[in-house]
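As the structure is a computational prediction, the values presented were derived from the model and not from experiment. Letters go in sequence order (proteins before strands), and every chain restarts at 1.
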Amino acid sequence: MIVPKVTGIETEYGILLRGVDPSDPVLASQLLLQYYQNVFPRLPIAISQSQTIPVKSFDLSSESIIYDLLKSLVQSVEIDVTKPVPDSFMLANGGRFYIDHAHPEYCTAEAFLPRQIVAADKAGEAILELCRQRVNLSNSLPSGCEISIYKNNSDQKGNSYGCHENYLLSTATYKELIEHQSPRAKEHLISFLITRTIFCGAGKVGSEHGTDSVGFQISQRADFFETLYGLQTTHNRPLINTRNEPHANAEEFRRLHVIVGDANMSEYSTYLKVGTTQLLLTMLEEEALDFSLAIADPIAAFKTISRDLTLQCPILLANGSHMTALEMQQHYLYAAQHYLQQGDHPEYLHEVAQIWQDILERLSHDWRSLNRTLDWAIKRQVLEQYLQRQNCDWDTVLQWEPIIRQTLFLDREVIGEQSSDLFAAIQSRLGKTVAQEFLEIAASEPADQSHPSQRYWQQRDIYFTLRQIDLKYHDIQGLQVLDIIPSVSGSAGLFYRLQQGGMIQRLLTDAEIAPLISEPPADTRAYLRSHCINRYPELIADIDWGKIEFIEAERRYCLMMDDPTFGSQISIEKLIDASPDLLTLLQGLAKMS
Amino acid sequence: MSNQERTQRPPGRSRSNQEIEPSLLSRQTQEETVAEQIQTETQRLDDILDDFLGDTVAPATEVIDGTQSEVRFVRQTSSEEFVREFQQPGGQ
């Protein structure tokens with residue numbers, strides 16, 4: 001059985017509450033969520049009861065700044081602090097906005113079309129940015145405090161947070177690939193997911209999680225994967241997540257939960273991430289792949305591919321041969337083109353294949369041809385231009401990195417500029433060997449006439465500036481969607497500075513993104529769910545992706561939406577128009593199913 | 001392309017030689033155009049980098065939605081302070 005590839009993206013955002021020490025990500029996330037209703041007063045929300053958290057989660061008895069902030073917030077938006085604080089909203093646009101592991105998380109509504117999924121993802125960014133601006137301008141925060149939000153996957157200190165994709169699969173395919181871990185999972189699914197990094201990686205400075213040192217790598221997430229299969233997502237992360245939560249009729253449908261991907265700023269990177277994966281899964285379901293690209297050691301290969309900026313590193317396959325990640329992706333592209341030629345397939349899949357081909361061809365020539373298009377290439381271009389201005393390169397950065405990491409305790413204002421003082425400080429804290437190592441590294445640049453201490457502090461500035469560029473690339477401040485988001489001058493994120501400067505190739509227009517801030521995609525159950533949230537918000541007692549419970553006249557009604565493809569605009573528009581009340585709508589839906 | 005990338009590329013992979021050979025004149029024009037484009041883009045990127053990296057001093061005012069307002073928030077600190085401050089809880 002082939003099922004349509006209904007898809008969604010869920011993004012955990014990084015968040016900083018600046019001006020508060022220590023920064024409290026839960027409070028900052030809560031503020032964003034509370035302000036959703038302030039930003040969109042005419043858009044109803046529905047609250048999932050299973051996701052409410054008791055207000056006692058906050059320490060209201062203390063005189064902490066958290067309490068003061070919450071109190072001032074509560075006063076400004078008239079929220080009763082004696083009631084539980086919801087931490088999850090199902091939105092009128094079919095998406096979900098909630099707090100997960102202390103991060104604000106946004107899930108797009110279910111959709112088919114890759115362009116629409118990208119637009120829904122950007123609409124989620126816009127919602128978070130609007131909430132952020134409103135909180136910051138609300139006087140709920142003390143002077144000097146502000147929230148900033150980052151669409152990335154790592155804090156550069158070993159903490160990772162995900163951007164997951166969800167794809168609808170037939171139960172038979174899911175069981176074969178995921179539950180039974182058939183050979184095809186290794187031959188194709190795993191190989192495809194880790195090699196697609198070459199066009200959907202977001203780029204990262206340095207390494208984490210005890211992996212080999214590197215100046216710059218393509219993936220934000222590759223360092224954090226340690227096993228092939230597993231249920232877990234926060235530790236010992238698996239390439240294939242086996243969490244079985246279909247949010248649909250499990251007899252027919254399952255949800256493939258992909259956790260290896262990066263959060264993307266680039267519309268093209270997101271588009272290719274979901275579009276090519278939809279194609280691959282469709283071909284797997286149709287058994288249209290008659291070759292094997294099983295990788296001998298996928299965990300190691302993921303890290304190798306992420307670190308291979310030449311895109312020419314051979315990967316050992318299980319059959320003993322070698323291929324590069326680019327060559328493997330070309331194989332999947334050719335298979336997809338052949339598959340699309342064989343039958344009557346929707347136009348959007350042909351568009352995916354065309355863009356996929358163009359990107360792979362450009363990658364095979366010179367990554368710089370994509371320095372406006374793909375996240376890792378855009379970021380790499382900026383970082384290398386900065387290094388060039390500093391007369392530095394990645395090799396020098398790597399050479400200095402161990403000594404800088406070991407000496408982060410040193411304070412420039414205390415140590416001063418004298419090399420002897422710096423040497424003495426390193427020797428007294430770390431011993432003679434490390435101090436000698438410092439001198440040797442400083443002396444290894446004979447053309448440089450500056451003192452060792454000058455070189456140390458210069459390299460330390462470079463070390464942090466590279467990371468600052470990396471992190472701030474993902475700051476969502478500066479996103480503009482038509483005139484919906486007020487323009488705020490000043491500290492815009494780097495990606496949006498580049499976009500405003502005409503340095504980013506866009507896939508979408510703002511006009512494609514704007515409607516999805518408030519409206520659902522029209523071709524999945526998100527349309528029906530959105531209608532219920534808009535029309536009957538006060539009757540909703542509980543809600544989830546596939547189920548809505550209503551209470552009307554003290555009677556409880558449950559609307560099961562077991563088929564993610566059911567409830568599209570075209571299928572239920574007439575019924576909606578002919579339904580003056582909830583019961584008529586539910587009765588009509590029951591007859592249709 | 002870096003030297004390393006050039007040397008690691010297998011021979012015969014480039015398609016440029018298989019394409020229609022442009023005339024010497026048009027090739028020269030093309031090369032000049034590409035060089036100009038690269039120079040322009042490099043300059044624009046430099047300007048953005050200057051703006052981004054120079055954004056370390058707190059401004060007195062900012063323009064919000066077309067209106068000049070007094071700055072209320074913390075502005076970018078040094079690279080080192082910012083990177084050290086950027087600590088996130090682990091997630092999924």
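Neither the backbone nor the side chain of A:Gln232 comes within less than 4.5 Å of any heavy atom in chain B. Looking at A:Ser148, neither its backbone nor its side chain comes within 4.5 Å of chain B, counting heavy atoms on both sides. For a residue to count as touching a neighbouring chain, one of its non-hydrogen atoms must lie under 4.5 Å from one of that chain's; by this rule A:Glu12 touches chain B with the side chain only. If you measure heavy-atom distances from A:Asn152 to chain B, the contacts under 4.5 Å come from the side chain alone. Within the 4.5 angstrom heavy-atom criterion, no atom of A:His235 approaches chain B. Only the backbone of A:Ser160 comes within less than 4.5 Å of a heavy atom of chain B; no side-chain atom from C-beta onward does. Contact annotation for A:Asp100: only side-chain heavy atoms (C-beta onward) come within less than 4.5 Å of a heavy atom of chain B. When heavy atoms are compared at a cutoff of 4.5 Å, A:Arg412 does not approach chain B at all.
Cation-pi geometry between A:Arg467 and A:Tyr463 is met: under 6.0 angstrom from the ring centre, within 45 degrees of the axis.
The candidate from A:Ile469, A:Ile15, A:Leu498 with the greatest count of non-hydrogen atom pairs under 4.5 Å with chain B is A:Ile15. Residue with the most contacts toward chain B among A:His101, A:His103, A:Arg237: A:His103 (heavy-atom pairs, distance under 4.5 Å). Considering only heavy-atom pairs separated by less than 4.5 Å from chain B, the leading option among A:Gln156, A:Gln500, A:Arg460 is A:Arg460.
For the atom pair A:Tyr13 OH and A:Arg132 CZ, the distance stands at 12.5 Å (nearest 0.5 Å).
Between the side chains of A:Thr407 and A:Tyr456, at least one donor N or O lies within less than 3.5 Å of an accepting N or O. Side-chain contact check for A:Gln357 and A:Glu361: at least one donor-acceptor pair (N or O, by modelled atom type) lies under 3.5 Å. Counting only N and O atoms by type, the side chains of A:Trp394 and A:Glu384 include a donor and acceptor under 3.5 Å apart.
Within the structure, salt bridge (charged side-chain N to carboxylate O under 4.0 Å, His left out) contacts touching residues 34-47 of chain B (residues at least two apart or in different chains) are A:Arg372-B:Glu41, A:Arg389-B:Asp46. Sequence neighbours left out, the pairs with a member in residues 153-166 of chain A that pass salt bridge (charged side-chain N to carboxylate O under 4.0 Å, His left out) are A:Glu165-A:Arg196.
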Review point. A:Asp358 and A:Arg362: salt bridge (charged side-chain N to carboxylate O under 4.0 Å, His left out), yes or no, with the steps?
Key: CA-CA 6 Å; A:Asp358 175 53; A:Arg362 288 158 71 184; 3.0 Å; yes
